[in-house]
J.: 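This is the structure, below, for whatever I ask next.
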Amino acid sequence: MLSRNFRLQKVGNLNWLQKNYNFSQIAFSIDELVVLNVSRGEYDEEKFFEHVRLLNEECFIPIAAGGGIRTLNQARKLLRSGADKITVNTLIAEAPDIICQIAEEFGEQCVVASIDVKKVENTFTIWTENGFCRQKKNLEQWLDRVFKLPVGELYLNSIDQDGTGHGYMMELLDYIPPTVSIPVILAGGAGNHHHLSVGLNDPRIDAVATAHLFNFVGDGLEKARSKLFTEGFNLAKWDAQKAKDLKESVN
């Protein structure tokens, strides 16, 4: 699926994804893959876990996965399917105790708190259930709740900018207290390397996410990372040929 302002459009299934994207090569252009189950209707957890397992076989980078996780046992199954981290969103509103259980069993570094934000009448509102349920608390109040939970990262996503390719909503960062020590990932709106650069230049965030460059721009991820290198960003750099040679020698 691809998304624009949380309106979904199907572009293909897992077979299509594997056919059109070389994940072993894409892994050299990203540091982590975020996989979110945004299914609407009946939730097929086993199918989702299987997709994560198949992706993990091809993509040798950390995978943060979530969407529809409501129990500790589901979190266990997702991690055993190959996910390195569990992304939680609706659980923050409905069952924060489950988040505590996941963190207690697997560690806080394993839990990513995802927040979907939409501007309504000049107020940043919080939405859960894939953007269908508006919470009563505003962004500032929601962040206060999240930072009291045992989470290792914050994934902050703008519904307004989602899928537009028009750039991040940087003003969201104004609501993050300067005392916050966990990594912050900004998502929603990146359409070119300049948007990534603007985000990474802001000291309040630690990473930037993009689906637009993945879905629409062929080798956009590779080119964007290359330009970020030339601008002096301190990013991990791998030798793809050496990795290929090593893989072939092992096989």
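In this text the structure is predicted, and so the values were computed from the model without any measurement.
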J.: If a pair satisfies ring pair (Phe, Tyr, Trp, His ring centres under 6.0 Å) and one of its residues is in residues 136-156, list it, with sequence neighbours excluded.
T.: none
J.: Answer yes or no: are there more than 12 heavy-atom neighbours, outside Glu231 itself, under 6.0 Å from its atom CD?
T.: yes
J.: Would you check if Phe233 and Ser197 make a side-chain contact, meaning some heavy-atom pair closer than 4.5 Å?
T.: yes
J.: Contact between Val117 and Leu156 at the side-chain level, heavy atoms closer than 4.5 Å - yes or no?
T.: yes
J.: State the CG-CG distance between Asn56 and Leu33, to the nearest 0.5 angstrom.
T.: 10.0 Å
J.: Does Lys119 have more than 12 heavy atoms from other residues, nucleotides or ligands lying within 6.0 Å of its NZ?
T.: yes
J.: Quick one: ring pair (Phe, Tyr, Trp, His ring centres under 6.0 Å) pairs with a partner in residues 104-124, sequence neighbours left out?
T.: Phe124-Tyr175
J.: If you count the non-hydrogen atoms of other residues, nucleotides and ligands that lie under 6.0 Å from CD in Glu104, is the total more than 12?
T.: no
J.: Search all heavy atoms of Thr90 against all heavy atoms of Glu129 and return the closest pair with its distance.
T.: OG1-N, 3.0 Å
J.: Within the supplied structure, the quantity of interest is the number of heavy atoms (other residues, nucleotides, ligands) at a distance under 6.0 Å from Asn73 CG; does it exceed 12?
T.: yes
J.: Between Ile102 and Ala75, what is the shortest heavy-atom contact and its length?
T.: CD1-CB, 3.7 Å
J.: Between Arg145 (side chain) and Ile92 (backbone), is there a donor-acceptor pair under 3.5 Å?
T.: yes
J.: Look at the side-chain heavy atoms of Ile, Leu, Val, Met, Phe, Trp and Tyr, link any pair under 4.5 Å apart, and say whether Leu139 and Val120 land in one connected group.
T.: no
J.: In terms of side-chain geometry, is the basic nitrogen of Glu45 or Arg76 positioned less than 4.0 Å from the acidic oxygen of its partner?
T.: no
J.: Determine the minimum heavy-atom distance between Ala190 and Ala209, stating which atoms define it.
T.: CB-O, 4.0 Å
J.: Where do Leu78 and Ala65 come nearest, in terms of heavy atoms and distance?
T.: CD2-O, 3.6 Å
J.: Is the side chain of Thr123 donor-acceptor paired with the backbone N or O of Thr125 at a distance under 3.5 Å, no angle test?
T.: no
J.: What I'd like to find out is whether the side chain of Cys110 reaches to under 4.5 Å of the side chain of Asp84, using heavy atoms alone.
T.: no
J.: Would you tell me whether Asp162 and Asn157 have side-chain atoms, one donor and one acceptor, within less than 3.5 Å of each other?
T.: no
J.: Flag the pair Ile98 / Val88 as yes when at least one side-chain heavy-atom distance between them is below 4.5 Å, and no otherwise.
T.: no
J.: Between atom CD1 of Ile159 and atom CD1 of Ile115, what is the distance when rounded to the nearest 0.5 Å?
T.: 11.5 Å
J.: How long is the gap from CG on Leu196 to CG on Leu186, to the nearest 0.5 Å?
T.: 10.5 Å
J.: Which heavy atom in Ala113 sits nearest to a heavy atom in Val146, and how many Å separate them?
T.: CB-CG1, 3.7 Å
J.: Using a 4.5 Å cut-off on heavy atoms from C-beta on, say whether the side chain of Lys85 contacts that of Glu153.
T.: yes
J.: In a check of side chain to side chain contact (heavy atoms under 4.5 Å, CB included) between Gln161 and each of His195, Met170, Lys118, Met169, which one passes?
T.: Met169
J.: Restricting to non-hydrogen atoms, name the atom on Tyr168 and the atom on Val208 that form the minimum distance, rounded to 0.1 Å.
T.: OH-CB, 3.2 Å
J.: Check whether any side-chain heavy atom of Pro150 lies under 4.5 Å from a side-chain heavy atom of Val111, and answer yes or no.
T.: no
J.: For residues Val112 and Ile86, determine if any side-chain heavy atom of one lies less than 4.5 Å from a side-chain heavy atom of the other.
T.: no
J.: Is it true that Lys137 and Asp144 have a side-chain N and a carboxylate O under 4.0 angstrom from each other?
T.: no
J.: Any salt bridge linking Arg225 with Asp31? Criterion: basic side-chain nitrogen under 4.0 Å from a carboxylate oxygen.
T.: yes
J.: State plainly whether the residues Arg53 and Glu50 are in salt-bridge range, i.e. N to O under 4.0 Å.
T.: yes
J.: Is it true that Gln135 and Thr128 share a donor-acceptor pair across their side chains at a distance under 3.5 Å?
T.: yes
J.: With rounding to the nearest 0.5 Å, note down the distance linking CG in Asp44 to NE2 in His51.
T.: 8.5 Å
J.: Which distance, rounded to the nearest 0.5 Å, do you find between the NZ of Lys148 and the SG of Cys100?
T.: 13.0 Å
J.: So how far is it from Leu221 CG to Ser226 OG, rounded to the nearest 0.5 Å?
T.: 12.5 Å
J.: Is any side-chain heavy atom of Ile185 closer than 4.5 Å to a side-chain heavy atom of Ile205?
T.: no
J.: Is there a donor-acceptor contact under 3.5 Å from the side chain of Gln141 to the main chain of Asn138?
T.: yes
